[in-house]
Amino acid sequence: MVVADKYEMVCGLEVHVELQTKTKIFCGCTTEFGGEQNTHVCPVCLGMPGALPVLNREVVNYAIKAGLALDCEIAEFSKFDRKNYFYPDLSKNYQTSQFDLPICIKGGLEIEVEGDKKWIGITRAHMEEDAGKLVHSGETITTSNESSVDYNRAGVPLLEIVSEPDMRSIPEVLAYLEKLVQILEYTEVSDCRLEQGSVRFDVNVSLRPIGATTLGTRTETKNLNSFSSVRRCMEYEVARQARVLEAGEKVVQETRTWDEGQGITLSLRSKEEAHDYRYFPEPDLVPLVIDREWVEKIRKTLPELPAARRARLQTLGLSAYDAGVITQAKDMADFFDAALSCGGDAKTLANWVMGDFTRLLNTNQCSVADSPISAKQLAELLTLIDKGTLSGKIAKSVLEQMYSTSKDPSRIVKEKGLAQISDEGALLGIIDGVIAANPQSVEDYRAGKDRAIGFLVGQIMKATKGQANPGLVNQLLKEKLSS
């Protein structure tokens, strides 16, 4: 990304992912979102004197799983450290994290922007505990008269995924984040509910003169929880830094906060270096030793990841675009595969899933998981179309009724008498009547005006309330008009 034909943007990201365990990383408190303030706490996650942590094994399993999906090396030996800092949301005055020996190192993922592919390196991914949450009376901390602290989130297990500073444009940043979250969702290590803070983004941005190889001074904007906020934040911060440099001043290395309402970043505090945190090994936790058998056991649980699923769907006849849309969200991809397993054509199914089914969900603000229409029911509807029992037009109406009633399509068709009319005898009588009632259109067709047959077909469909088999109607009508 070139700024004013003079500067190049450099960006690296730290993504904090809440792991989908039922209990916290070092105690038995629930990780359930919400709840009355300070009710999901105990002496361990509050850091009371004498309370000792015990590592949740499932946290390690999830960390290994995420690391493998992100092409990381899983360390055979890692340890926890105390990251010391004094802030209201950290009751212990230190965070149990990993410093020099993290569990995952040297990974990455491939992104694609406007047809160009690029590898984005992942430096490390490490386990740590979440801090509490400041609850402000205003929009942000800087606009609030008072703040309280909720420690329910303290001790919730996190995986912090740190990228290399490999991104050079906002589209690259968004492509990286979207693919990363997609992989985390597919592996089910996190519920990835951005609106609940399950995934939070820290954006490190700097500018440097075009052609320079050394990095500029960076700022870190913390705790963004939507792709839209990341985009707007970066647009503002890049422009701000460019103004600072153009004024002959220096960018200050600092931590900033994003004000969603004003659409600006604000200075929060000076940026700390590693030595400011006085890291030292956590004395209450033994080092973590992971043998290869443990890693391979987790590797066998890896699901089909998005790229592999897209490739498989393309072998079934879907376009790259269709496969990308279907696999964008895991629940939609799972729904599609479940429907496809019932039989039928993949392309036809994709058209219905991306079209009328998705439209219904969006109109009713419903997720795939909460849809009253099951994959099996949608597959049954398409089978009725394929057999000629339903026309495509009536099938759309049946789908609406399936959503509102949760009934199987065959039951709706039977109860409403919606079966497509494919009986030649019944249709010939209707066709004869339409021909008799529309002599001018018959004469036009026989005179070579092919469009006239469309009017006649329309009249037949109207007479049958849309239930006539349109293919059979066309065939029989042409035979009649040619005789």
Hey, are [Y] and [X] close enough side-chain-wise for a donor-acceptor pair under 3.5 Å?
{"X": "S97", "Y": "D81", "value": "no"}
{"X": "E380", "Y": "S410", "value": "yes"}
{"X": "T21", "Y": "E58", "value": "no"}
{"X": "T217", "Y": "Q253", "value": "no"}
{"X": "E164", "Y": "T123", "value": "yes"}
{"X": "R256", "Y": "T265", "value": "yes"}
{"X": "Q241", "Y": "T219", "value": "yes"}
{"X": "T257", "Y": "N223", "value": "no"}
{"X": "Q377", "Y": "D408", "value": "yes"}
{"X": "N225", "Y": "R200", "value": "no"}
{"X": "D370", "Y": "S367", "value": "yes"}

Under 4.0 Å between a side-chain nitrogen and a carboxylate oxygen: does that hold for R240 and E235?
no
If you draw the axis of the six-membered ring of [Y], does the NZ or CZ of [X] fall within 45° of it and under 6.0 Å from the ring centre?
{"X": "R57", "Y": "W294", "answer": "yes"}
{"X": "R82", "Y": "F280", "answer": "no"}
{"X": "K83", "Y": "Y277", "answer": "yes"}
{"X": "K396", "Y": "W352", "answer": "yes"}

Salt bridge (Lys or Arg N to Asp or Glu O under 4.0 Å) between D334 and R309, intermediate numbers included
CA-CA 10 Å; D334 289 344; R309 184 172 270 191; 3.0 Å; yes
[X] and [Y]: which non-hydrogen atoms are nearest, and at how many Å?
{"X": "L318", "Y": "A350", "answer": "CD2-CB, 3.9 Å"}
{"X": "S206", "Y": "G216", "answer": "CB-O, 3.6 Å"}
{"X": "S229", "Y": "E260", "answer": "OG-OE1, 2.6 Å"}

Exceeds 12 heavy-atom contacts within 6.0 angstrom, atom [atom1] of [X]:
{"X": "E32", "atom1": "CD", "value": "no"}
{"X": "E195", "atom1": "CD", "value": "yes"}
{"X": "K133", "atom1": "NZ", "value": "no"}

When you compare the side chain of L361 with that of V368, does any pair of heavy atoms fall below 4.5 Å?
yes
Side chain to side chain, L134 and H136, heavy atoms closer than 4.5 Å:
yes
Once you round to the nearest 0.5 Å, how far does CE of M9 lie from CD1 of I170?
6.0 Å
CZ/R218 to CG/L207 distance, rounded to the nearest 0.5 angstrom?
14.0 Å
Side chain to side chain donor-acceptor pair (under 3.5 Å) between E128 and H126, worked out:
CA-CA 7 Å; E128 63 184 20; H126 62 263; 3.2 Å; yes
Side-chain atoms of residues 104-117: list all donor-acceptor pairs with protein atoms under 3.5 Å, sequence neighbours left out, distances to 0.1 Å.
none

Side-chain atoms of residues 66-78: list all donor-acceptor pairs with protein atoms under 3.5 Å, sequence neighbours left out, distances to 0.1 Å.
unit_1, atom_1, unit_2, atom_2, d
S78, OG, Q98, NE2, 3.4

Is the Y403 to F357 ring centre distance short of 6.0 Å?
no
